[in-house]
Amino acid sequence: MYRKHSKRILVTGATGQIGSELTLELRAKYGGENVVAAGHKRKPGEALLSSGPFEFLDTTRKEDIEKIVKEYDVDTVYHLAAVLSAVGEENPQNAWNINMGSLYNVLEIARQYCLKVFWPSSIAVFGPEAPRVKTPQNAVLIPRTMYGVTKVAGELLCNYYFLRYGVDVRSVRYPGIISSETPPGGGTTDYAVEIFYEAIRRRHYTCFLRADTVLPMMYMPDCINAAITLMEADPSRVRCRTSYNVTAMSFSPAELVAEIKKYIPDFVCEYKPDFRQKIADSWPMSIDDSEARKDWGWSPKYDLASMTRDMIDKLSKRFVEGRL
Ligand code: SER
């Protein structure tokens, strides 16, 4: 069932927060023409369009995915298209249909065409019954959001396709992802990205979480590195086929504000918690990712200080050039 060399990669959700940067990295690594970017709602940016093939794709339509897989002779899928936690709570039925429908389609096609699959799970698989500090890999999974429910069900489905059909599917549970290129779309951890844009543009931000809400986070270069390292690992090292805990740092809005103020001393942050506070309160504060470290050598590079420095540096440059 395992293929030795990747010929062609399909990235779904390629216009999203992770997809837009992961696609460019995969193209740099494997050649632009070998990585097909597929997006749905968001318009693709210039970098995505000029560096390789782009297709509009609704991943809830199995035959549409299949068409692209055949046309480009795809052998690996990074399936990132999904509805995130906050948007998912506005329309849980839609979150179930999109997240489960599209993953089921991808796994079915992977079974039929012998594809290797990367699919991101999330810290949202955990609920308040799990230990909130250093949450272990095998903690109880009773999420309170529909997004979390689809991630738990998705992990079980991935594991099933691996055991039953030998589909080489690999997954990590991402924490909140911080990035400078494409904003996230409707998650509970989005504040940690928005705050940088607002600090630079207006020196003021209204945060939708309480100042002391600690959540696990990761900077985009580590996020991309986790996906590619796991996908390149020898199959014998991928012992977990549900999903691996991974993390890089944990901080609260207050701690992030203090770090940003080192660069922008007059930055002011107000706090007006909304419905997302309840979601954050049901999630872990920190994650035990020792199994990923041990099995396939996971090791993040960025902490709160180095991530903040890089974000401020990148976004300030864009602001000065009038592109923020
Ligand atoms: N960042 C995601 C969210 O907030 C968690 O996976 O929904």
Side-chain angles (χ1 to χ4, degrees), residues 12-13 16-22 78-92 94-96 98-100 102-103 118-128 130 132 135 139 141-155 158 171-196 207-210 213-220 222-224 226-227 242-253 256 273-287 289 292 300 302 307 311:
T12 74
Q17 185 195 16
I18 298 176
S20 58
E21 293 195 53
L22 178 65
Y78 285 73
H79 174 47
L80 308 178
V83 173
L84 290 184
S85 60
V87 168
E89 286 318 287
E90 281 160 15
N91 189 345
N94 187 52
W96 174 269
I98 291 181
N99 293 4
M100 293 317 296
S102 65
L103 177 61
F118 175 83
W119 173 75
S121 184
S122 161
I123 53 162
V125 292
F126 300 110
R132 292 192 64 212
T135 309
L141 306 178
I142 312 178
R144 297 274 170 110
T145 60
M146 180 54 93
Y147 175 70
V149 169
T150 66
K151 289 299 185 189
V152 174
E155 287 189 7
C158 288
S171 175
V172 294
R173 291 172 179 154
Y174 280 133
I177 303 297
I178 299 150
S179 63
S180 58
E181 302 309 305
T182 309
T188 303
T189 55
D190 293 14
Y191 92 83
V193 179
E194 288 168 6
I195 196 169
F196 283 101
C207 183
F208 56 77
L209 295 181
R210 256 192 350 258
T213 313
V214 176
L215 288 167
M217 300 277 180
M218 186 182 287
Y219 194 33
M220 186 57 88
D222 285 325
C223 167
I224 289 171
T242 49
S243 191
Y244 278 99
N245 279 7
V246 287
T247 190
M249 59 188 103
S250 275
F251 56 77
S252 65
L256 180 55
D274 65 16
F275 72 101
R276 289 169 279 193
Q277 183 67 47
K278 211 168 126 194
I279 300 177
D281 288 341
S282 77
W283 285 356
M285 293 159 70
S286 60
I287 294 288
D289 59 5
Y302 285 87
M307 175 277 290
M311 280 293 283

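Start at 1 and go down the list; that is how both ligands and their atoms are numbered.
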Chemist: Enumerate the atoms of ligand 1 whose separation from the nearest heavy atom of W283 is less than 4.0 angstrom.
Modeler: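 Checking each atom against W283, I get 3 (C), 4 (O), 5 (C), 7 (O).
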
Chemist: Could you list which atoms of ligand 1 come closer than 4.0 Å to a heavy atom of Y147?
Modeler: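 Close to Y147: 5 (C), 6 (O), 7 (O).
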
Chemist: Would you call the rings of Y147 and W283 parallel, tilted or perpendicular, taking 30° and 60° as the class edges?
Modeler: tilted

Chemist: Can you find an N/O atom of S85 closer than 3.5 Å to an N/O atom of ligand 1?
Modeler: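 Among all N and O atoms of S85, at least one is under 3.5 Å from an N or O of ligand 1.
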
Chemist: For the residue pair T188 and S85, confirm or rule out a side-chain donor-acceptor distance under 3.5 Å.
Modeler: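 There is such a pair (donor and acceptor under 3.5 Å, judged by atom type) between the side chains of T188 and S85.
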
Chemist: Can a donor-acceptor pair be found, under 3.5 Å and without considering hydrogens, that links the side chain of D289 to the backbone of T247?
Modeler: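 Answer holds: yes.
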
Chemist: Give the numbers and elements of all ligand 1 atoms closer than 4.0 Å to a heavy atom of L84.
Modeler: 7 (O)

Chemist: What residue and atom, counting heavy atoms only, is the protein's closest point to atom 4 (O) of ligand 1, and at what distance?
Modeler: T188 N, 2.6 Å

Chemist: Under a 3.5 Å cutoff, is there a donor and acceptor pairing between the side chains of Q17 and S179?
Modeler: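 Present: a donor and an acceptor within the cut-off.
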
Chemist: How about S243 and S171: does a side-chain donor come under 3.5 Å of a side-chain acceptor?
Modeler: yes

Chemist: Can you report which non-hydrogen protein atom sits closest to atom 2 (C) of ligand 1, along with the distance?
Modeler: T189 OG1, 3.9 Å

Chemist: Just which atoms of ligand 1 are under 4.0 Å from any heavy atom in S122?
Modeler: 5 (C), 6 (O)

Chemist: Under 4.0 Å between a side-chain nitrogen and a carboxylate oxygen: does that hold for R173 and E155?
Modeler: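 So R173 pairs with E155 through a salt bridge.
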
